[in-house]
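These notes concern the structure reproduced below.
To find a chain, count down the sequence lines: A is the first, B the second, and so on, and within it residues start at 1. On a predicted model such as this, the values are computed, not experimentally measured, just so you know.
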2 protein chains.
Amino acid sequence: MPIAGRYICGMFRPRVTLRDVARRARVHTSTASRVLNPATRELITEPIARRVTTAAEQLGYQPNPNAYSLKTNRTRTVGVIIPDIANPVFPPILRGIEDAFAESGYTAVLANTDNDGDREGTIFQEMLARRVDGLILATARRRDPLVDRCLLEKIPVVLINRTVDRGDVSFVVNDDTFGIGLAVAHLAAMGHVRIAHLSGPLTLSTGFSRHRGFVRAMKKGGLRAEPKRIGVCGGFTESEGRRAFLELRERDRTFTAVVAANDMIALGCYDAAREIGLRIPGDFSVTGFNDMPFLDKLQPSLTTVRIPHYQMGAQAARTLLARLNGGLAAVEHVTLLPELVARDSTAAPSRRTRRGR
Amino acid sequence: MPIAGRYICGMFRPRVTLRDVARRARVHTSTASRVLNPATRELITEPIARRVTTAAEQLGYQPNPNAYSLKTNRTRTVGVIIPDIANPVFPPILRGIEDAFAESGYTAVLANTDNDGDREGTIFQEMLARRVDGLILATARRRDPLVDRCLLEKIPVVLINRTVDRGDVSFVVNDDTFGIGLAVAHLAAMGHVRIAHLSGPLTLSTGFSRHRGFVRAMKKGGLRAEPKRIGVCGGFTESEGRRAFLELRERDRTFTAVVAANDMIALGCYDAAREIGLRIPGDFSVTGFNDMPFLDKLQPSLTTVRIPHYQMGAQAARTLLARLNGGLAAVEHVTLLPELVARDSTAAPSRRTRRGR
DNA sequence: TCCGTTCGTGCAATCGATTGCAGGGCCCGG
DNA sequence: CCGGGCCCTGCAATCGATTGCACGAACGGA
């Protein structure tokens, strides 16, 4: 068994423990413990407390988190489960989580599932085995067994980005309905009437509510959301966007704009348009969703809906912290407002396209 | 103090411990421990071992990592310190690390420094406080106090992507010199002679060795690496790329190609070119480095050098694991080979530019 | 038959903290 | 002057594993 300690200036120094601090301060370890723990600090009188804190400082004492966790059953660790960190929406979310946790001494442990149910289960088990105090899930489907399990087993959990249909769980999401409304209103204001929608998977709250948002916004604008002008993608991917666009165009060639459920799907539209020789925004306009990095560098730059990803992560972390510290905090639903970022992929319909082709 | 346990099927079940397993198998806890630990498994006879394993299985036993860590001083956790997860080169590296660790039971804990020295120090301290078994650093500068400290304190560490000048530390990096050589050779083959370089910070091994690689490759190709055609960026950023490009062009207007030290700097060249009305690759060619996502979507798509990021992460994790398991493993230097990805930002110099302007 | 060796298992200390409980000192009132 | 109560601090058990050491059984040889 290795001996705890570190090399300082080339010399091996055994690790400083609470005992060492107590010994130096000439008090019992329990007293030292109470001084160093903010919650019990007030139990000890000032002069003794000072002796302990100075001793701790002089020795460079750092508490052993394993001993703490073993005794208290709290690891000050939370699991963050996301589909894929390579998806550019997640890094800012993660930074938000990290920053919000930093002050409170919690650490986030990350895992990617690639949207694979089995892998999700495995990771969930491993997180529990690691004794995380809570979970932040960005992988929820509208009906999600993992979320059900968290609730059943009373594991503190906060959903992020996506949510579930059952309402008895905390989440922090973007207002997808409102966001899509922004895109539709933007297009309608430019004179578009025959607007199509390429939705994401309807089993995900994001896909579902953006789809619903599209239908509502069209109705509200006095426009018709024709079923033939709605395509459903099997995933939020470029290839699915391309496929769904081509399929859509088989059914209808009169639309003048496409509201894509996210930026990747919009990129799929770019690909398809290039293939079949259509110009954006000359032949049709496109809007995305998320405002990924580098969209402004595309040709044409993509009009999209910006989501406050960083705040989303930070808020989710705060919500979880409240639950972890406060014990049985109430279920909290937070919805953040997105904003439209108008760029060059949207323009007024040309006279030619306005007539239909 | 909360009692360890979980809710299963709505009922609270106290956590299963090694004692429970031992009791059920009618053996001592030490025996159960030895059976469940692969290293000591052979000490126990088969029939008894079987009793223990079935008992463990029936009870759904999961060892408490905190107790393990407290006793053994190993947390099976490693810290991964990177500048910024939002930089698209890091997610694939992280995935590689995660996957390579997954099998061995290690967990990576991530932290971002934003290239801030103070923050680096803080994070380093926190990692040590968390008792990580080792570190993977992607933040190294050529002379790096943090790396020095790791070596002094004998903390297992592997550098990734960037390295330091002192050679007595393990690292996994890309062959930057070779990679830049690919870009230079590609341009030279197209007929470019007056090639410029926008280097990254020379205090980073990446900036330095790409710069050196440029000079060497030019010499090797029988070309002159003129100082006036070399600009230095203060950071691997778009804005620095733009600034350095404009500055470069003040000094020299005869170059027909720019080898940028990375993709962001190349993007800065795009910005500058647009501002002053130059066309790529009509007026000059540009190459990047890293092959970030979406470069193929740019107008024009960017010729760049692809780095095997995922493998880099995986290899770094394996190198660290060898050190952690094998005790005093030798210092290991791994260099991965990049490849050229030719796209539309490079073309033969036009007759006009070939003459100089 | 008896003793020595070997092999397998149990005993108990230990890692480094937290915390309920007990005890001692001090202050104040009778 | 003495006793009771109230803080403040110390004692010791405890969390759940690992591991050096000791002990007992089984076996083989004399």
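Residue contacts for B:Thr17: at a heavy-atom cut-off of 4.0 Å it reaches the sugar-phosphate backbone alone, with no base atom in range. Here B:Ser30 lies in heavy-atom contact (under 4.0 Å) with a base.
For the pair A:Leu70 CG and C:dA17 P, the computed distance is 12 Å after rounding to whole Å. Here D:dG16 presents its P atom at 16 Å from NZ of B:Lys71, a figure rounded to the nearest Å. Residue B:Tyr68 contributes atom OH, which lies 17 Å from atom C1' of C:dG16 at whole-angstrom precision. What separates CG of A:Asn73 from C1' of C:dA17 is a distance of 13 Å, to the nearest Å. When the C1' atom of D:dT14 is taken as reference, atom CG of B:Leu18 falls 16 Å away, rounded to whole Å. Rounded to an integer number of Å, the gap from CG of A:Asn64 to P of C:dC15 is 12 Å. The distance between atom CZ of A:Arg74 and atom C1' of D:dC15, rounded to the nearest whole Å, is 15 Å. D:dG16 atom P lies 16 Å from atom CG of B:Leu36, rounded to whole Å.
Judged by distance alone, the side chains of B:Arg130 and A:Thr107 do bring a donor and an acceptor atom under 3.5 Å apart. Side chains of A:Thr319 and A:Gln315: a donor-acceptor N/O pair is present below 3.5 angstrom, by distance only.
The residue among B:Asn66 and B:Asn37 whose nearest nucleotide of DNA chain D is located toward the 5' end is B:Asn66.
Between the side chain of A:Asn64 and the main chain of A:Asn66, a donor-acceptor pair closer than 3.5 Å is present.
The base of D:dG10 sits within donor-acceptor range of the side chain of A:Arg34, with an N or O pair under 3.5 Å.
Comment: B:Arg119 does not engage B:Asp84 in a salt bridge, judged by the lack of any side-chain N to carboxylate O separation of less than 4.0 angstrom.
Side-chain nitrogen and oxygen atoms of B:Thr31 include at least one within less than 4.0 Å of the OP1 or OP2 phosphate oxygen of C:dG10. In terms of phosphate contacts, A:Thr45 brings a side-chain nitrogen or oxygen within less than 4.0 Å of OP1 or OP2 of D:dT9. Look at B:Tyr61 and you'll find a side-chain N or O under 4.0 angstrom from OP1 or OP2 of D:dA17. Dashed line: the shortest gap from a side-chain N or O of A:His28 to OP1 or OP2 of D:dT9 is not under 4.0 Å.
Checking each of B:Arg74, B:Arg76, B:Glu98 against B:Tyr106 for a side chain to side chain donor-acceptor pair (under 3.5 Å) leaves exactly one that passes, namely B:Arg74.
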